[in-house]
Amino acid sequence: MAWPGMEKYQNERIIIHLDYDCFYASVVENERPGLRSLPLGIQQKNILATCNYVARAQGVKKLQLVSEAKKTCPNLVIVNGEDLSRFRDASKKLWLYVREFIWEYKVERLGFDEVFLDVTQMIDFNIANLNLADFPASVLPTCTLASNLACTNADDDKLVEEAADQGIGFFRLSLTDPKRGFSFSWGKLPGHTYPLNDALDLRVLPESDHSSQSLEDDGLDCKVHNDFHQTKHTKHRLHRRLFLAAHFADFLRNSVKETYNYTVSAGISTTKLTAKLAGSVNKPDKQTLLIPAATQSFLDGHEIGKIPGVGFKTAQVLREELLGVVQGGAPEGSSVAEVAFYDKLTHPVTIHDIRRKLTLDRLSQVLDSKEQARKLYGWLHGVDTTPVAQTSLIPTQISIEDTFRSLKGTKQAEQVLIQLVTKLITRMHIDLLSPLPTPTTSTPTPTTSLQRWLACPRTFRLSLRPRDMTGPYSARISKSAPLPRYVFARDSCAEALAGRLVRDVGLPLLRKMGKVGEGELQLVNVAVVNMEESKAGEAVMAGVDIEKVFAGKKVTAEGSRNKNDEDMDWEKEVREIERVYKMLGEKGVEGDHKLAEEIDGISNEEDTIVDGQNLGIVGVMKPIDNQIEPGIGEDLWVKADDNGELSDMDGNGTDIVPAEAPTLRPIAHLRTKSRLDFSELEMEDEVGSPSARGVVCPKCGMGVLLFALEAHARFHEMERREQEK
DNA sequence: CTGGGGTCCT
DNA sequence: AGGACCC
């Protein structure tokens, strides 16, 4: 057969899929519990990313336009969710929590709100220990005698039935510690099943295997398959394992709820595909176990596009293969997307339809690769061998983006880039720097110096979406360039690094995009990609003592030279940059400036000398209509209006004004440190040389380079808004 | 008047 | 560099 041994593998694993209910809304509700009883929507630009169940009860839908949602639910409470930080943090927190329960960390994250768990080993271990769990002694999990007695004759059905009569079982969470675990009732299957069956008794449910049935329908050779399911013991064993998994899922859901106050929906099955689909059957705060015998009929009822992995394109291709080009009900001149949308409504195509009418050969012709066809063919029959991938603690990419109604010109693009890149660098610190050694005991640790980079992104990428676009909606254009090493200077402030990065890489890439870069932009995205993990990073993540790893590295360095050396290479380079940085400037503008000189090999000594005196920090402010010339030591302000918009009277960037304007609220207070020289300003616009011109922010004492000023002011504004809540 | 992220494959 | 997919 096409998949030797596949059917065996099919029922070998036990997979749990967890889905945090309306996640963004739950995060906000946990921050502000008062919102829990109100209809709540999370807004991103014009759309509701999600909403809570109170809102759904009033007709609000996910991904609905805000305007429409307000119509159907006038009292909808709307919270902006464009900044994903809080959601990312919460997601990571929950993931790390769940991860600790699962052996070998077989936990795969999908988006922010879903995880797949491969609990096969945990279940099989507990199945093997049934006798331990089910004898009366097991009610007392401390019984080590029982542990010694543990004989693995779980094959004996009688034993299991006896065990059931005992009432309570104990599910062990640790291979080594018999006390770690939870008690469960043998008499009750937690949560729901599909199909719904009150009388269902999984412990002894009679078997009729779904996939052997369906594969026979298709006239395939399933000898191996049938053989595998021949014995009674095997059939019953699968049900027992799923029964235990349902208890485990229940335990996990309750744990997450008690610890972090998030409700979770769960699906329990033998593959990722079926576990995920099963979880959608009963939704919020519920779990569903898919009875194996029902798998085929369960799948058959689903629309083809519901299969994870069959997206918009594939679904449409399959639909057309079955029905021809239907254009059912779509208005004249509709886009491809609209046609597909109407097709879906007027001509729903189910898994059953596809499975019955399209052979594997036919699928191979229709889809782009043979491999895709094979996978899909398996999915149609509930066969999915995709393993649960252990999600790494180090992301493969970090990206930040923003969309606009209209963004024109390099000037505006530069401002946007600086904002985005500042956030990007901040994210690099959060996601790629080793966790600080817990500040509880002995050492009153300094700040970043004890942290290490766990990975080094090699590439910076700029992506744009032009506004006009005739083609498919998603069309983006991107260009990449090597990421300069200086962004890894950990003590340098994000704004300063962002300014340099935008100047050195961002703007050049933008220019490289030609007309698109200059035209109207709908979306700007910046990303770091191409992560190169450091050995130290892996060690830190695995909880290994980092110093030992480095010590050991010297000794073992002879063997595998290649990758190790590369790692050492950049880590060493970063340390060197930081050493220079510390020596020269310690903190702030001066340090950044001197660092820039050192790295770029550019000397700007002249720039820092004014009137024959080296002032170190030189302030140059942008004049408004060339009328205002602030002097040395004068107080300056960045201001905002009532909406929090930073003052920008001439449209050329945030104003920095010398006196308080009555209608505007001061955001950042700046003080010039030297004579202001406007001729320097012109020079900067032209050449964009590493700039020593900057000011000291009295709010945080940080030196801020001119090009980073707006971003820095915005940072304080964001802080202030956070504190208002 | 279609978010702001992510993954992997080609 | 882009495209498909996921949330």
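Just so you know, these numbers come straight off a predicted model, no measurement behind them. Order of the sequence lines sets the chain letters (A, B, ...), proteins ahead of strands, with each chain counted from 1.
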Over all strands shown, is A:Val310 touching base, sugar-phosphate only, or nothing at heavy-atom distances under 4.0 angstrom? sugar-phosphate

Length of the line joining A:Asn530:CG and C:dA1:C1', which is rounded to integer Å: 13 Å

So what does A:Lys276 hit on the nucleic acid, given a heavy-atom distance under 4.0 Å: a base, only sugar-phosphate, or nothing? sugar-phosphate

Are A:Trp453 and A:His429 an aromatic pair by the rule of ring centers under 6.0 Å? yes

Tell me if the aromatic rings of A:Phe23 and A:Phe112 count as close, with their centers under 6.0 Å from one another. no

Looking for any heavy atom pair under 4.0 Å, which part of the strands does A:Leu48 touch: base, sugar-phosphate only, or nothing? nothing

May I ask you to decide if the ring planes of A:Tyr377 and A:His381 are parallel, tilted or perpendicular, using 30° and 60° as cut-offs? tilted

Indicate whether OP1 or OP2 belonging to C:dA1 is found under 4.0 Å from a side-chain N or O atom of A:Ser480. yes

Those residues at least two apart in sequence (or on a different chain) that pass ring pair (Phe, Tyr, Trp, His ring centres under 6.0 Å) with A:Tyr105 are none

Side chains of A:Met531 and A:Ile398, heavy atoms from C-beta outward: is any pair under 4.5 Å? yes

Describe, in one word, how the ring planes of A:Phe116 and A:His17 are oriented to each other, choosing from parallel (under 30°), tilted (30 to 60°) and perpendicular (over 60°). tilted

Proximal nucleotide (of C:dA1, C:dC6, B:dT2) relative to the A:Lys479 side chain: C:dA1

At under 4.0 Å between heavy atoms, which parts of nucleotides 3-10 of chain B does protein reach? Answer with one letter per nucleotide, 5' to 3': B base, S sugar-phosphate only, - none. BBSSBS--

Using a strict 4.0 Å threshold on nitrogen-to-oxygen distance, state whether A:Asp285 and A:Lys257 make a salt bridge. yes

Can you measure A:Phe116 atom CZ to C:dC6 atom P for me and round it to whole angstrom units? 11 Å

Counting the atoms with a prime plus P, OP1 and OP2 as sugar-phosphate, which does A:Leu420 contact under 4.0 Å by heavy atoms, base, sugar-phosphate, or nothing? nothing

Interatomic distance, A:Ile477 CD1 vs C:dG3 P [rounded to whole Å]: 10 Å

Output the rounded distance in Å from NZ (A:Lys313) to P (C:dG2). 15 Å

Interatomic distance where CG belongs to A:Leu277 and C1' belongs to C:dC6 [whole Å]: 13 Å

